[in-house]
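Data first, discussion second: the structure below is written as structure tokens.
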2 protein chains.
Amino acid sequence: MCDMGKIHAPPLAEQLCFDLYAASRAVTAAYRPALTELGITYPQYLVLIVLWEHESLTVRELGEQLRLDHGTLTPLLKRMESSGLVERRRDNADERFVVVSLAGKGESLRQHAERIQCDMKDQLGLDPQEFEDLQTTLRLLTSRVSP
Amino acid sequence: MCDMGKIHAPPLAEQLCFDLYAASRAVTAAYRPALTELGITYPQYLVLIVLWEHESLTVRELGEQLRLDHGTLTPLLKRMESSGLVERRRDNADERFVVVSLAGKGESLRQHAERIQCDMKDQLGLDPQEFEDLQTTLRLLTSRVSP
DNA sequence: AACCAGTACATTGTGCGCAATTGGTTTGTG
DNA sequence: CACAAACCAATTGCGCACAATGTACTGGTT
């Protein structure tokens, strides 16, 4: 499969994994100024995007969408709750579940998201075909390496 | 530029930023088992890759290569120093600089990197053209959003 | 009814990532 | 030479990510 003829450590420039890692952090950093202005972080923004779409979800469902685990989400959601972005309550029917829904502040930020998304899309400057190809490839990668 | 006709929060599925974020974490997670076996983390692996290529660098130069700042690198390098992966010493000529170089254990892991890289490349399963296109697009994105 | 396996979330601990501040070192300018 | 500006790293503080463990709840079995 992979040529092992020459034994040498591969340089950083050949490492796709590094480009992915660097691009992810760079894009997150590009969102940061706009999100900081709204008083939220990037992972919190992603949570809001899911809630704007689904209104109300359990922590488990949220984690499946975002591919984040409880250990990450629980404190994140608590911070979001204390800043008035979301509400958390136990499901009465099955008290193992915590249901997360939008609170007032989380709802009010909804309109800002559209603008942020447009600005970012413009800043990335990819034409629609490139955009879609990249998205397709990234999803392919993610599915290939996921268990 | 960007169509603002319909006002609605964009769904997660349309967010390139999320695919990038998810792919980056997924690929990092795919490296984790192999790296854990070597007793290192993913960012530590990246530091070693740079050092295998350059032998000796200042913290500043390392940060430029990896696009990480001092606040991240200093404790990371200290952990790597205490596990025998790298050495840190002040530059005698200019004592503002800290020079980082490979220590014994960091050198000895060099040969394992080649195998890990091959395994991962196989696991990602992209053909050479896709691989290169993705790398090109990621670098374009990174440069577009970087200051 | 007591038990037990499975599920969902919480908690703890470690390691990044980054902003902001601090402190020591060098360089440039008068 | 003096001294301000620039520079490099360290420190502090906060917020993720994730592994590992603990706790509370549910449904099915006995």
Side-chain angles (χ1 to χ4, degrees), chain A residues 18 21-33 35-37 39-48 57-64 66-83 85-86 88-100 146-147, chain B residues 18 21-33 35-37 39-48 57-64 66-83 85-86 88-100 146-147:
Chain A
F18 173 69
Y21 166 80
S24 176
R25 286 190 298 114
V27 169
T28 300
Y31 275 83
R32 195 168 296 123
L35 296 180
T36 300
E37 211 165 316
I40 59 177
T41 64
Y42 184 72
Q44 291 176 9
Y45 176 62
L46 295 179
V47 169
L48 288 178
L57 288 167
T58 67
V59 173
R60 171 180 172 69
E61 291 166 330
L62 207 47
E64 282 168 356
L66 299 174
R67 300 175 194 284
L68 289 171
D69 70 4
H70 300 144
T72 300
L73 284 174
T74 297
L76 191 158
L77 292 171
K78 282 185 176 177
R79 281 187 291 271
M80 292 182 76
E81 185 178 35
S82 64
S83 35
L85 294 163
V86 303
R88 296 161 67 247
R89 59 172 181 75
R90 288 280 170 184
D91 184 344
N92 292 331
D94 187 337
E95 295 211 345
R96 287 172 300 182
F97 291 92
V98 169
V99 178
V100 183
S146 297
Chain B
F18 172 69
Y21 166 79
S24 177
R25 286 190 297 114
V27 169
T28 301
Y31 275 83
R32 195 167 298 125
L35 296 180
T36 300
E37 209 164 318
I40 60 178
T41 65
Y42 184 71
Q44 292 175 10
Y45 177 62
L46 294 178
V47 168
L48 289 177
L57 288 167
T58 66
V59 173
R60 171 179 174 68
E61 291 167 331
L62 207 46
E64 282 168 355
L66 299 174
R67 301 176 193 285
L68 290 171
D69 71 3
H70 301 142
T72 300
L73 284 174
T74 298
L76 192 157
L77 292 170
K78 282 185 175 178
R79 281 188 291 271
M80 292 182 76
E81 185 178 36
S82 64
S83 34
L85 294 163
V86 303
R88 296 162 66 248
R89 58 173 182 76
R90 288 278 168 184
D91 184 344
N92 292 333
D94 187 337
E95 294 211 344
R96 287 174 301 184
F97 292 90
V98 168
V99 179
V100 183
S146 297

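Only this structure's heavy atoms are used, side chains among them; waters, hydrogens and symmetry mates stay out. Sequence lines set the chain letters: A, B, ... in the order given, protein chains first and strands last, and positions in each chain run from 1.
Looking at which nucleotide of DNA chain D each of Glu61(B) and Leu68(A) is closest to, the 5′-most match is held by Glu61(B). Both Val99(A) and Ala29(A) lie near DNA chain C, and the one whose nearest nucleotide falls closer to the 5' end is Val99(A). Positionally, the nearest nucleotide of DNA chain C for Val98(A) lies more toward the 5' end than for the other of Val98(A) and Arg67(B).
Each end of the helix from dA1(C)-dT30(D) to dG30(C)-dC1(D) gets its own rotation axis from five pairs of C1' atoms, and the angle between them is 10° to the nearest 10 degrees.
Using a 4.0 Å heavy-atom distance criterion, Thr58(B) is classed as a sugar-phosphate-only contact.
The shortest non-hydrogen separation linking Arg25(B) to Leu66(A) is NH2-O, 2.9 Å. Listed here is the closest heavy atom pair of Pro75(A) and His70(A): CD-O, 4.1 Å. Here the closest non-hydrogen pair linking Ala29(B) and Pro33(B) is O-CD, 3.3 Å. Closest approach of Leu68(B) to Thr72(B), counting heavy atoms only: CD2-CG2, 4.2 Å. Shown here for Leu73(B) and Leu62(B), the closest heavy-atom pair between the two residues is CD1-C, 4.2 Å. Residue Arg90(B) comes nearest to Arg96(B) through the heavy atom pair NH1-O, 3.1 Å, listed as atom of the first residue, atom of the second, then distance.
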Kindly give the atom pairs (protein nitrogen or oxygen, nucleotide nitrogen or oxygen) under 3.5 Å for nucleotides 11-15 of chain D.
residue : atom : partner  : partner atom : Å
dT11(D) : OP2  : Lys78(B) : NZ           : 2.5

Report, one pair per line, the protein and nucleotides 23-29 of chain D atoms (nitrogen or oxygen only) whose separation is under 3.5 Å.
residue : atom : partner  : partner atom : Å
dT26(D) : OP1  : Glu95(A) : N            : 3.4

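Taking atom CD of Glu64(B) as the reference point, atom C1' of dC8(D) lies 12 Å away to the nearest angstrom. Rounded to whole angstrom, the span from the CZ atom of Arg32(B) across to the C1' atom of dA17(D) amounts to 8 Å. Here dA9(D) presents its P atom at 10 Å from CG of Leu77(B), a figure rounded to the nearest Å. If you measure from atom CG of Leu73(A) to atom C1' of dA17(D), you get 10 Å, rounded to the nearest angstrom.
Interface limits on DNA chain C: the 5'-most and 3'-most nucleotides within less than 4.0 Å of chain B heavy atoms are dG15(C) to dT26(C).
Residues meeting the ring-ring contact (aromatic ring centres under 6.0 Å, His included) test with Tyr31(A), sequence neighbours left out: Tyr42(A), Tyr45(A). Arg88(A) pairs by the salt bridge (Lys or Arg N to Asp or Glu O under 4.0 Å) definition with Glu81(A), not counting sequence neighbours.
When each of Asn92(A), Asp91(A), Leu57(A) is checked for a side chain to side chain contact (heavy atoms under 4.5 Å, CB included) with Val99(A), only Asp91(A) meets the rule.
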